[in-house]
Amino acid sequence: MKFISTRGQAPALSFEEAVLTGLASDGGLYVPETLPHFSKETIASWAGLSYQALAFEIIKPFVDGELTDTELKAIIDKAYASFRHDAIAPMVQTGHNEWVLELFQGPTLAFKDFALQFLGHLLDHILAKRNQKVVVMGATSGDTGSAAIEGCSRCDNIDIFILHPHERVSEVQRKQMTSVLAPNVHNIALKGNFDDCQNMVKASFANQSFLPEGRQLVAVNSINWARIMAQIVYYFYAALALGGPHRPVSFSVPTGNFGDIFAGYLASKMGLPIEQLIIATNANDILHRCISDNDHSKKPLVHSLSPSMDIMVSSNFERLLFDLYDRDGAAISGLMEEFKSGAMTLSDAALAKARELFSSHRLDDQAMTRIIGQVYEQTGYLLDPHTAIGVEAARVKRKNTHTPMVCLATAHPAKFPEAVKQATRHVEPALPPHMADLFERKEQYDVLENDTAAVQQFVAKNIRA
Ligand SMILES: *Cc1c(COP(=O)(O)O)cnc(C)c1O
């Protein structure tokens, strides 16, 4: 399968090349040239498959010819072996026809493990085959960093450097990153905010001359195609468990960079009957404003109690726009040029198409806190702040109660104990047993100045031979 850029100017790539490349040379994002499509009969025949077996069926068409069935199965099995629950993505009922899909059973207790456990093993496999070594560099406001580190910590062919804003991630999040003491793992606490971290990573990708001969940077942020691909699986898995594909299912997704919910959109395009996809945002609501008011304009970042959704711009939205504009790369290039001024306006046709499947809702911290308390009181179930936003958005925006509503639980409540305690009047969400000693674990990280040259020097010095 070939992968093409959303801006139409970069060369088409193979699957392996797309995974190693990240951002396209024209500034666009890679998407498959054509999507696989599964018939209702085929999807129905997958009922009862294990998560891993289902993942194989869904991922196979994307990698056909580049990975053998045996190789793909081995990568999937390794990726999900680190999950604690046999179901990998179990569901819990929280209301009438309302379900929470627990995507936090992986090693770092957030949904990003689904993609990054897979990506780590996939990359290591591709690199070993090519006899190549790479450097992973990324910026994190919390969950991506720990999931990427866990995903890459056992990879022989990867050195990983993760920047986080010094003293601006939760203690659980920091500990999860900095207590991985592998020789190829480096945590950088940058004296700046998340955008400084991200800008530094961007600058490093743009000019990689600071790296030793023969090394290149690989992006493991959510623009990496393999991450999106791995996330498609749980939409099918949840729908199959609730009577799909014979009846439609809806999903509500706590959204930041639009990677998670974009995978749901792909599932729908690939043949899964989905009635609604609800974009749930916190006060950083660019996507909610875009879908509801055609206002896609940058606003200053707000620090919320759901920090993994604190973004000003959702990078993966460009992939949806590409489809909304009938895959016209020149049109997307033009839109992105317009957006450099800080705002862009979608065409009526594009917006109408988006609204056929997507709706959106925004919640501030106060409303989010209320819903954690309410669900706990009614059911005894603890939501994390991100998941809570999705649950309330689902309740406000759902069109009918006959269609099962699946709310994606993107993080374990114990990752955000302060917010949960405040919302429930002091219920302390316990860490799962395998992480109970997290706060006693030894940490290793370096605090660096907000200075690109200093960070790049640090990276170059610490790459293994
Ligand atoms: C990353 C993250 C999100 C947002 O996912 P996107 O793919 O960026 O939209 C939501 N919740 C949690 C807990 C996350 O870690």
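Atoms within a ligand are numbered from 1 in the order they appear, just like the ligands themselves. Model, not experiment: these values are computed from the prediction.
Listed for the Lys2 side chain is no donor-acceptor partner under 3.5 Å among the backbone atoms of Glu33.
Residue Ala411 places no N or O, backbone or side chain, under 3.5 Å from any N or O of ligand 1. Considering backbone and side-chain N/O of Thr410, one or more are found under 3.5 Å from N/O of ligand 1. Geometrically, ligand 1 and Gly256 share a nitrogen or oxygen pair separated by less than 3.5 Å. Taking distance alone, with nitrogen or oxygen atoms compared against 3.5 Å, Lys112 approaches ligand 1 more closely than that limit. Among the atoms of Thr255, none of the N or O lies under 3.5 angstrom from an N or O of ligand 1. For ligand 1, the polar-atom distance check against Asn257 finds a nitrogen or oxygen pair separated by under 3.5 Å. Ligand 1 has an N or O atom lying under 3.5 Å from an N or O atom of Phe258, backbone or side chain.
Considering only residues two or more places apart in sequence or on other chains, Gln93 meets the side-chain hydrogen bond (donor to acceptor under 3.5 Å, both in side chains) condition with none of them.
For the atom pair CD1 (Ile76) and CD (Glu57), the distance works out to 9.5 Å, reported to the nearest 0.5 Å.
In the candidate list Ala147, Ala280, Ala110, Pro254, Pro254 is nearest to atom 10 (C) of ligand 1, counting heavy atoms.
Among residues at least two apart or in separate chains, there is no salt bridge (Lys or Arg N to Asp or Glu O under 4.0 Å) pair with a member in residues 76-87.
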